[in-house]
Amino acid sequence: GIRNRTDAAGVEQQPVAYVSCRFNRAGSGAGCINFQNVHSLFHEFGHAVNHLLIRRRLPSESGLDYLPLERLENLSMWFEKWVYHPVLTEFLDLGSDESRGLAFAQQVKLLEYRRTHLERGVTAAIDLLVHGDPRMGVREAYAQLDDRYELAGRCDLGDVLGSFTWPMFQANPGAYFAYLWGAADSAARFAPLRTLAL
């Protein structure tokens, strides 16, 4: 209980947050972090704030397992948007080459976001259709959306199926074997990009 900041015999444990980053070494030996690390720092800070704001906890590692995934991630996703703030370059005191590099990294990350926004929207629409008609399956719901919005080529059914595994994990924790498939699939999708240089 003391880990979760509950009062125990007059002693209250203050929260401690740990964020792990891969540090690169500059020529001078100083520690450096890249754009993705900064993005992660902002994201994890959102989780830290979430822990400060939540009062009801479970006796588990995070204590927040009862919350829906959206509630756990929304604040973090809001904080990570700070990597796009116009004054970030000034705050970091970057040179002109580094500023151009930051602008490029921001553009790449925004493209990643746009891709996931489409997938999230399609996932939500399929979910609504399936739960609105007990006779409709996921494939039929996707086909209906494809007819209406011409999704093929932009977002395939296979791109969103993994999103439907989270409720299964919550209901049946032993089903995590599916994560191994997801990890292998992610590696296969990433492999063609390994040879590209940003």
Side-chain angles (χ1 to χ4, degrees), residues 1-8 11-121 123-124 160 162-163 165-167 169-170 173 176 179 182-183 186-187 189-190 193 198:
I2 199 166
R3 174 188 51 193
N4 287 331
R5 300 195 307 124
T6 53
D7 189 61
V11 177
E12 185 168 343
Q13 175 69 42
Q14 295 299 312
V16 179
Y18 296 92
V19 178
S20 183
C21 277
R22 292 189 183 108
F23 285 88
N24 299 315
R25 292 283 170 200
S28 64
C32 300
I33 59 176
N34 61 27
F35 177 78
Q36 183 59 46
N37 296 147
V38 174
H39 187 274
S40 296
L41 280 170
F42 279 115
H43 179 94
E44 299 306 328
F45 183 76
H47 284 306
V49 172
N50 216 5
H51 276 276
L52 292 173
L53 297 175
I54 300 293
R55 295 287 173 233
R56 191 177 133 236
R57 301 181 189 285
L58 295 176
S60 62
E61 190 171 334
S62 77
L64 305 180
D65 302 338
Y66 68 94
L67 293 172
L69 187 60
E70 294 79 16
R71 179 62 181 83
L72 290 171
E73 294 297 329
N74 277 349
L75 195 57
S76 295
M77 293 176 76
W78 185 85
F79 267 100
E80 66 190 39
K81 299 292 190 280
W82 284 98
V83 297
Y84 305 108
H85 198 283
V87 300
L88 181 65
T89 306
E90 298 167 29
F91 180 78
L92 296 174
D93 194 27
L94 300 178
S96 60
D97 287 345
E98 293 167 322
S99 295
R100 283 192 294 276
L102 174 62
F104 184 71
Q106 289 169 327
Q107 288 176 328
V108 169
K109 198 67 175 172
L110 282 171
L111 289 173
E112 288 177 7
Y113 268 125
R114 287 182 186 157
R115 167 76 178 174
T116 59
H117 283 319
L118 175 61
E119 290 177 3
R120 288 177 196 167
T123 302
V160 300
S163 302
T165 59
W166 180 251
F169 291 162
Q170 290 293 85
Y176 268 102
Y179 176 76
S186 295
R189 288 173 185 263
F190 179 72
L193 305 176
L198 294 178

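- Between the CZ atom of Phe35 and the CG atom of Leu92 there is a distance of 10.5 Å, given to the nearest 0.5 Å.
- Checked against side-chain hydrogen bond (donor to acceptor under 3.5 Å, both in side chains), Ser76 has the following partners two or more places apart in sequence or in another chain: His47.
- Atom CZ of Phe79 is separated from atom CG of Asn50 by 10.0 Å, given to the nearest 0.5 angstrom.
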Extract all donor-acceptor atom pairs below 3.5 Å that involve side chains of residues 99-109 and protein atoms in other chains or at least two apart in sequence.
from   : atom 1 : to     : atom 2 : distance (Å)
Ser99  : OG     : Gly95  : O      : 2.8
Arg100 : NH2    : Asp97  : OD1    : 2.3
Gln106 : NE2    : Val83  : O      : 2.6
Lys109 : NZ     : Gln36  : OE1    : 3.0
Lys109 : NZ     : Glu112 : OE1    : 3.1

For this session: Evaluate the side-chain contact (heavy atoms from CB on, under 4.5 Å) criterion for residues Val49 and Phe45: first the C-alpha distance (whole Å), next the side-chain angles of each, then the deciding distance (0.1 Å), finally the verdict.
Result: CA-CA 6 Å; Val49 172; Phe45 183 76; 3.6 Å; yes
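- Closest heavy-atom contact between Phe42 and Trp82: CE2-CB, 3.7 Å.
- For His39, the ring pair (Phe, Tyr, Trp, His ring centres under 6.0 Å) test picks out no residue, with sequence neighbours left out.
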